[in-house]
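Note: hydrogens, waters and symmetry copies are ignored here, and every other heavy atom, side chains too, is used.
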Amino acid sequence: SEKIKLDWRPAHLCQSDTRVVDLINYVPKVAKGEHVFWLHATSPFVDSEDYKKAIDIYKRDVIDNKEARDFDSLMSVNRIQQFIWDDKKKSIINCDRSVNPWPNTQDLDPLYEINHAFYISSKNNYINLQDRIGKTPCLYICEGLKRMDIDWEEDFFIAQKIYNINYG
């Protein structure tokens with residue numbers, strides 16, 4: 001499609017010490033359109049249907065809903081509803097233990113782990129905020145295998161085994 005542009009990053013933005021903010025600041029220099037769909041190849045089970053659905057949600061909740069200003073971008077996340085321990089604070093950070101030290105897991109307020117499968121945002125957010133999300137992102141919740149993000153070599157081997165079992 002003429003609307004899709006693949007960009008091969010310059011070598012200085014492909015190093016292990018490259019800062020993500022340097023990539024973010026590079027995007028508006030090469031993006032011609034008003035909106036940017038940034039996706040990662042490290043989410044092996046997110047597929048074209050997820051991308052299509054994310055674009056539809058972005059169009060509906062961000063572009064077409066500008067008057068309400070509820071959302072200004074979209075990002076993929078994993079919902080976490082477990083007790084989260086902060087080792088620096090030496091405490092559970094997502095419940096008020098003075099009220100109830102061990103509420104039911106289902107009663108915890110959910111937290112959201114950014115899984116980096118994709119981000120959709122305006123080019124203006126990249127320029128004005130120097131970020132690939134805005135101040136009020138819409139959350140695209142991934143479930144099941146789609147939650148997987150390959151950050152480490154062992155993640156790759158696990159994904160490979162899962163793929164072989166399910167699709168191989």
Side-chain angles (χ1 to χ4, degrees), residues 1 3-7 9 14 16 18 20-21 23-24 27 31 33 35-65 68 70-89 91-97 100-122 125-126 129 131-168:
S1 170
K3 293 181 180 184
I4 297 172
K5 179 183 183 216
L6 297 178
D7 182 70
R9 287 192 243 174
C14 297
S16 61
T18 298
V20 174
V21 71
L23 288 172
I24 289 168
V27 168
H35 302 277
V36 176
F37 193 145
W38 177 322
L39 59 99
H40 285 206
T42 57
S43 298
F45 301 107
V46 173
D47 59 24
S48 61
E49 290 303 313
D50 294 296
Y51 300 144
K52 288 176 191 172
K53 185 176 174 185
I55 290 168
D56 289 343
I57 293 169
Y58 182 79
K59 185 176 180 328
R60 180 192 72 212
D61 293 351
V62 178
I63 296 174
D64 294 343
N65 197 20
D70 294 328
F71 304 110
D72 63 359
S73 53
L74 180 141
M75 66 180 171
S76 61
V77 297
N78 300 334
R79 179 182 168 121
I80 301 171
Q81 206 159 352
Q82 302 291 331
F83 293 94
I84 306 297
W85 180 261
D86 183 327
D87 203 35
K88 287 182 183 176
K89 294 180 180 179
S91 67
I92 295 170
I93 60 170
N94 60 329
C95 72
D96 185 347
R97 298 200 69 198
N100 182 354
W102 292 104
N104 294 331
T105 305
Q106 298 82 356
D107 296 330
L108 292 172
D109 288 334
L111 297 172
Y112 298 91
E113 171 190 19
I114 300 170
N115 64 23
H116 308 292
F118 51 80
Y119 304 86
I120 309 176
S121 192
S122 69
N125 282 342
Y126 280 80
L129 302 175
D131 206 339
R132 58 186 167 188
I133 59 171
K135 294 184 177 190
T136 55
C138 177
L139 304 181
Y140 183 98
I141 300 172
C142 295
E143 296 178 346
L145 292 177
K146 295 174 188 287
R147 297 170 49 97
M148 182 169 232
D149 179 36
I150 297 175
D151 280 326
W152 311 102
E153 189 174 7
E154 70 183 23
D155 298 336
F156 176 79
F157 292 124
I158 291 168
Q160 196 172 41
K161 288 187 183 298
I162 290 170
Y163 180 86
N164 289 337
I165 289 169
N166 290 314
Y167 308 105

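Taking all atoms of both residues into account, the shortest heavy-atom contact from Cys14 to Arg9 is SG-CB, 3.5 Å. For the residue pair Asn100 and Cys95, the shortest heavy atom distance occurs at O-SG, 4.5 Å. Here the closest non-hydrogen pair linking Met75 and Ile133 is SD-CG2, 3.9 Å. Minimum heavy-atom separation, Pro103 to Phe83: O-CZ, 3.1 Å. Taking each heavy atom of Ile141 and Arg79 in turn, the nearest pair found is CG2-CB, 4.1 Å. Smallest separation of non-hydrogen atoms from Arg60 and Asp64: O-CB, 3.8 Å.
Summarising the geometry, atom CG belonging to Asn94 is positioned 9.0 Å from atom CD1 belonging to Ile80; distances are rounded to the nearest 0.5 Å.
In this structure, a donor-acceptor pair under 3.5 Å is absent between the side chains of Asn115 and Asp149.
Residues Asp70 and Asn65 form a side-chain contact, since some pair of their non-hydrogen atoms from C-beta on lies under 4.5 Å apart. Within the 4.5 Å cutoff, no side-chain heavy atoms of Arg132 are placed close to those of Val36. Looking at Phe45 and Asp50, their side chains never come closer than 4.5 Å, going by heavy atoms from C-beta outward. Put simply, the side chain of Ile55 reaches to within 4.5 Å of the side chain of Ile120, judged on heavy atoms. Considering only heavy atoms from C-beta on, His40 stays 4.5 Å or farther from Phe118 through its side chain. A 4.5 Å side-chain heavy-atom check between Thr105 and Gln82 finds at least one atom pair inside the cut-off. Here the side chains of Cys138 and Ile57 are in contact, with some heavy-atom distance below 4.5 Å. Contact of the Asp131 side chain with the Ile24 side chain is registered, since non-hydrogen atoms from C-beta on lie closer than 4.5 Å.
Side chain of Ser73 to backbone of Gly134: a donor-acceptor contact under 3.5 angstrom is found. A donor-acceptor pair is defined here as one N or O able to donate and one able to accept, closer than 3.5 Å; no such pair exists between the side chain of Asn78 and the backbone of Glu113.
In this structure, Phe37 has its ring center no closer than 6.0 Å to that of Tyr58.
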